[in-house]
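Keep in mind that the numbers below use all heavy atoms, side chains included, and drop hydrogens, waters and symmetry copies.
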Amino acid sequence: MTGERKYADTAILGAKCIKNWMLDSTTRLIKDCLIDAQTAQERSGSELSCHLTGIAIEGFTVLASVTGDDIWRKLAIVIARAAMFYQPWHSPEGILTLGQDRATSENTNNKTLKGLLNRGLMVMYERNRSNELFCNMVRSCINVQFNALYELSRIRNAYGMDWRGPYAGPHAHAQVAALDTIVAALGVCDI
């Protein structure tokens, strides 16, 4: 953000919209829909969104840093914790498994954009270094994803869609998700 108040005000309005109309009150994760203010009903077919959750974590974190309003940092931490421990998104080992019940060739946002969650977590890590316990949790979560990707779902320089492995062939979206995860792993590596 440029520091101009008009941009901060617009970002705050956007964040409030996400918080009020896309944040699932039960799971504390972001849905891929808006909730109708008149009926409090959401459109049919909505699901919890891993990639939008990652983008929200990143956005709320940056907004907190720019505005100095701690409410956004606290909300980002609540959402990040929920995402890291949301069982339907993870294997028992903690590996993100979104979309693995569908064919490799079938694209879904949660399946192909799951690396954005890791990117959002990395931004949280970078901007909340004083919260050592939280940073350790984020680092551990990202390291699990990177290690699974690198050890179980890779052949040479190509990465698979299913991070639990085995590698099931090349897919462009898998490379993008892998890149976000590799960058996140480098971002939380304290060397």
message: Is a donor from one side chain sitting under 3.5 angstrom from an acceptor on the other, for Y125 and R139?
response: yes
field: Working for side-chain contact (heavy atoms from CB on, under 4.5 Å), residues R164 and T97
entry: CA-CA 7 Å; R164 295 171 302 179; T97 59; 3.4 Å; yes
- line: Between M161 and K114 the two heavy atoms that sit nearest each other are O-NZ, 2.8 Å
message: If we ignore hydrogens and angles and just use 3.5 Å, is the side chain of Q145 paired with the main-chain N or O of N118 as donor and acceptor?
response: no
query: Quick check: are there more than 12 heavy atoms from other residues, nucleotides or ligands sitting under 6.0 Å from CG of L13?
result: yes
- prompt: Closest approach of V183 and M122, non-hydrogen atoms and distance?
  reply: O-SD, 3.5 Å
- request: Say whether T27 and D24, considering side chains only, have a donor N or O and an acceptor N or O under 3.5 Å apart.
  value: yes
message: Distance check, rounded to the nearest 0.5 Å: L116 atom CG versus D180 atom CG?
response: 5.0 Å
task: Start with the C-alpha distance between H90 and F85, add both sets of side-chain angles, then the distance that settles side-chain contact (heavy atoms from CB on, under 4.5 Å), and finish with yes or no.
output: CA-CA 8 Å; H90 298 85; F85 293 103; over 6 Å; no
query: Would you say the side chain of D69 lies within less than 4.5 Å of the side chain of L63, judging by non-hydrogen atoms?
result: no
- prompt: Pick from L52, L75, I30: which one makes a side-chain contact (heavy atoms from CB on, under 4.5 Å) with I18?
  reply: I30
message: Check whether N131 reaches the backbone of F134 with its side chain - one donor and one acceptor, N or O, closer than 3.5 Å.
response: yes
message: How about CG on D70, more than 12 heavy atoms from neighbouring residues, nucleotides or ligands closer than 6.0 Å, or not?
response: yes
message: Quick check against the 3.5 Å criterion: does R81 have a side-chain atom that pairs as donor or acceptor with the backbone of I77?
response: no
query: For T181, which of L149, V176, L186 qualifies under side-chain contact (heavy atoms from CB on, under 4.5 Å)?
result: L149
- prompt: If Ile, Leu, Val, Met, Phe, Trp and Tyr residues are connected whenever their side-chain heavy atoms lie under 4.5 Å apart, and connections chain through other members, are L179 and V144 in the same group?
  reply: yes
- prompt: Is I155 reachable from F146 through a run of I, L, V, M, F, W or Y residues, each pair having side-chain heavy atoms under 4.5 Å apart?
  reply: no
- prompt: According to the interplanar angle, ranging from 0 to 90°, do the rings of Y86 and W89 count as parallel (below 30°), tilted (30 to 60°) or perpendicular (above 60°)?
  reply: perpendicular
query: Is there a donor-acceptor contact under 3.5 Å from the side chain of S153 to the main chain of D162?
result: yes
query: Would you say L113 and C50 make side-chain contact, with heavy atoms under 4.5 Å?
result: no
field: Minimum heavy-atom distance between T61 and N128, given as atom pair plus value
entry: CG2-ND2, 4.0 Å
task: Work out which heavy atom in M124 is nearest to a heavy atom in A76; give both atom names and the distance.
output: SD-CB, 3.4 Å
task: May I ask you to test the L117-H51 pair for a side-chain heavy-atom distance under 4.5 Å?
output: no
- line: Heavy-atom nearest pair, W163 first then A178, reads CZ2-N, 4.5 Å
- request: Applying side-chain contact (heavy atoms from CB on, under 4.5 Å), run through K31 and E47 and close with a yes or a no.
  value: CA-CA 6 Å; K31 289 190 166 225; E47 63 179 13; over 6 Å; no
- prompt: Does F60 share a hydrophobic cluster with M137, counting links as ILVMFWY side-chain heavy atoms below 4.5 Å and allowing steps through other members?
  reply: yes
- request: Can you measure from OG (S140) to CG (L121) and round to the nearest 0.5 angstrom?
  value: 11.5 Å
- prompt: Does L152 share a hydrophobic cluster with Y150, counting links as ILVMFWY side-chain heavy atoms below 4.5 Å and allowing steps through other members?
  reply: yes
field: Presence of salt bridge, R154 and E151, under 4.0 angstrom
entry: no
Test side chain to side chain donor-acceptor pair (under 3.5 Å) applied to E93 - qualifying residues, sequence neighbours left out: S91
task: Taking side chain to side chain donor-acceptor pair (under 3.5 Å) as the test, write out the residues that go with Y159, two or more places apart.
output: none
- prompt: Is it the case that K16 places NZ or CZ above or below the six-membered ring of W72, under 6.0 angstrom from the centre and within 45 degrees of the axis?
  reply: no
query: What's the verdict on side-chain contact (heavy atoms from CB on, under 4.5 Å) for T53 and L48, showing C-alpha distance, side-chain angles and the deciding distance?
result: CA-CA 8 Å; T53 296; L48 296 172; over 6 Å; no
